[in-house]
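Here's the structure, in structure tokens; my notes come after.
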Amino acid sequence: MGKRVALVLAGCGVFDGSEIHEASAALVHLSRGGAEVKIFAPNIEQRDVVNHLKGSPSEEKRNVLVESARLARGNIQDLAELKAGEFDAVIFPGGFGVAKNLCSWAVDGKNCTVNEHVNATLQAFHSAKKPIGLCCISPVLAAKVFPGCEVTVGQDKNVDGRFPDAETASAIAELGCKHVCKNVNESHVDKANKIVTTCAFMCKAPLHEIFDGIGTMVQEVLKLA
């Protein structure tokens, strides 16, 4: 029988929501792993809306749940309705929406606040000793909620110009967590906390390498489940 996995989205689009390729990659690997997936997102207004063609903010207002429904093909539920007891694991793709909508990292860095339903979801899975998978910027959620945990966002230095957001590793360390350097096609498993992380688009890498890295994260999450 396949594992039951909740996937939590933050909108639709890299600059103001969930990173579409990461969400899709996670869903493909979960499907390949025989998992039964249900998709959730918080029913809140986005912090901002970005015109992805111009890369600049627009004056629009959009809802995170409504936008996430685009990625979920309409089959999605309010995150407030997620019950950890009904699932074996939870996975959070990345994208700036995580740092804008699921928490305030984009504005406040390590001093950020985490959305109440996101926090409750993470705490519920952690308390039940069920695995949590996070990729790209999403590991900062674990760093903020679980001091002392181990995560990766890739490298802690901008190696060959491929890790332009390497300072995130330092902020994670300042939160009392251990950052573990990993390549884009790898993931890190914090066995004590059952937290699995991979850097995905925190690294400037070919899409297939990012896809493979997310695959290792999904595989490890399913093993722990």
Side-chain angles (χ1 to χ4, degrees), residues 8-11 13-19 22-23 26 42 44 46-48 50 55 57 64 90-123 125-126 131-205 210 213-214 216-217 220:
V8 181
L9 298 179
V14 59
F15 298 126
D16 58 13
S18 287
E19 211 297 318
E22 292 179 14
I44 57 174
Q46 290 185 187
R47 177 175 289 273
D48 62 16
V50 175
V64 174
V90 64
I91 288 177
F92 290 76
F96 280 109
V98 171
K100 292 179 175 181
N101 304 325
L102 303 191
C103 70
S104 63
W105 187 277
V107 176
D108 303 318
K110 69 179 189 300
N111 298 316
C112 71
T113 56
V114 178
N115 171 274
E116 61 175 319
H117 297 301
V118 173
N119 184 68
T121 296
L122 290 167
Q123 295 283 8
F125 278 85
H126 188 257
I132 299 167
L134 308 121
C135 66
C136 194
I137 192 63
S138 291
V140 302
L141 295 173
K144 186 66 181 181
V145 176
F146 308 119
C149 72
E150 299 177 0
V151 300
T152 188
V153 289
Q155 300 291 323
D156 56 10
K157 294 181 179 62
N158 190 9
V159 181
D160 297 327
R162 299 175 76 221
F163 295 88
D165 301 304
E167 70 276 2
T168 305
S170 298
I172 286 169
E174 288 174 19
L175 284 170
C177 299
K178 180 179 180 181
H179 179 266
V180 181
C181 291
K182 290 285 183 178
N183 292 323
V184 66
N185 59 349
E186 300 176 315
S187 57
H188 177 70
V189 182
D190 177 347
K191 293 181 180 178
N193 290 293
K194 290 194 172 182
I195 295 171
V196 188
T197 51
T198 190
C199 70
F201 278 98
M202 295 291 276
C203 176
K204 290 184 176 180
I210 292 165
I214 293 170
T216 67
M217 181 268 286
E220 293 296 341

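Side chains included, hydrogens not; waters and symmetry mates left out as well; all remaining heavy atoms used.
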Practice problem: Mind listing the closest non-hydrogen atom pair of Cys149 and Ala142 along with its distance? | Solution: SG-O, 3.6 Å
Quiz item: Can you check whether Asp190 reaches Val151 side chain to side chain, under 4.5 Å on heavy atoms?
Solution: no
Self-check item: Check: Cys103 and Leu141 side chains under 4.5 Å, non-hydrogen atoms
Solution: yes
Quiz item: Side chains of Pro139 and His179: closer than 4.5 Å at any heavy-atom pair?
Solution: no
Quiz item: Does the side chain of Leu102 come within less than 4.5 Å of Pro42's, by heavy atoms?
Solution: yes
Practice problem: Provide the closest heavy-atom pair for Met202 versus Asp165 in the form atom of the first, atom of the second, distance. | Solution: CE-CB, 3.8 Å
Exercise. Any chance you could measure Glu22, atom CD, to Ile214, atom CD1, to the nearest 0.5 Å?
Key: 5.0 Å
Self-check item: Stepwise side chain to side chain contact (heavy atoms under 4.5 Å, CB included) test for Asn101 and Asn115
Solution: CA-CA 8 Å; Asn101 304 325; Asn115 171 274; over 6 Å; no
Quiz prompt | Rounded distance (nearest 0.5 Å) linking atom CD1 of Ile132 with atom OG of Ser138 | solution = 11.5 Å
Quiz item: Can you list every salt bridge (Lys or Arg N to Asp or Glu O under 4.0 Å) pair that touches residues 191-204, not counting sequence neighbours?
Solution: none
Self-check item: Neighbour count above 12 (heavy atom, 6.0 Å) for Phe96 CZ
Solution: no
Quiz item: Which pair of heavy atoms, one from Ala200 and one from Cys136, lies closest together, and at what distance?
Solution: CB-N, 4.0 Å
Quiz item: Passes side chain to side chain contact (heavy atoms under 4.5 Å, CB included), Arg47 versus Val107? Steps please.
Solution: CA-CA 10 Å; Arg47 177 175 289 273; Val107 176; 3.6 Å; yes
Practice problem: Nearest 0.5 Å please: distance from the CE atom of Met217 over to the CG atom of Leu134. | Solution: 7.5 Å
Practice problem: Side-chain contact test, heavy atoms from C-beta onward, threshold under 4.5 Å: evaluate it for Phe92 versus Val98 and give yes or no. | Solution: no
Exercise. Working to the nearest 0.5 Å, report the span between CG of Leu9 and CD1 of Ile91.
Key: 11.5 Å
Quiz item: Between Phe163 and Cys199, which heavy-atom pair has the shortest distance, and what is it?
Solution: CE2-SG, 4.2 Å
Self-check item: Any side-chain heavy-atom pair of Lys182 and Thr198 under 4.5 Å
Solution: no
Exercise. Taking all non-hydrogen atoms of both residues into account, name the closest pair between Phe146 and Cys177 and its distance.
Key: O-SG, 3.7 Å
Quiz item: Would you say the side chain of Phe201 lies within less than 4.5 Å of the side chain of Val14, judging by non-hydrogen atoms?
Solution: no
Quiz item: Is there a side-chain contact between Thr197 and Val153, using heavy atoms and a 4.5 Å cut-off?
Solution: no
Quiz prompt | Lys144 side chain vs Lys110 backbone, donor-acceptor pair below 3.5 Å | solution = yes
Exercise. State, to 0.1 Å, how close Glu220 and Ser187 come at their nearest heavy-atom pair, and which atoms those are.
Key: CG-OG, 4.0 Å
Exercise. Determine which pairs satisfy salt bridge (Lys or Arg N to Asp or Glu O under 4.0 Å) with at least one residue from residues 95-104, sequence neighbours left out, and list them in order.
Key: Asp48-Lys100
Quiz item: Distance from Ile195 atom CD1 to His188 atom NE2, nearest 0.5 Å?
Solution: 9.5 Å
Quiz item: At what distance, to the nearest 0.5 angstrom, does CD of Glu116 lie from OG1 of Thr121?
Solution: 10.5 Å
Exercise. Using side-chain contact (heavy atoms from CB on, under 4.5 Å) as the criterion, list what pairs up with Lys178, not counting sequence neighbours.
Key: Glu150, Val180
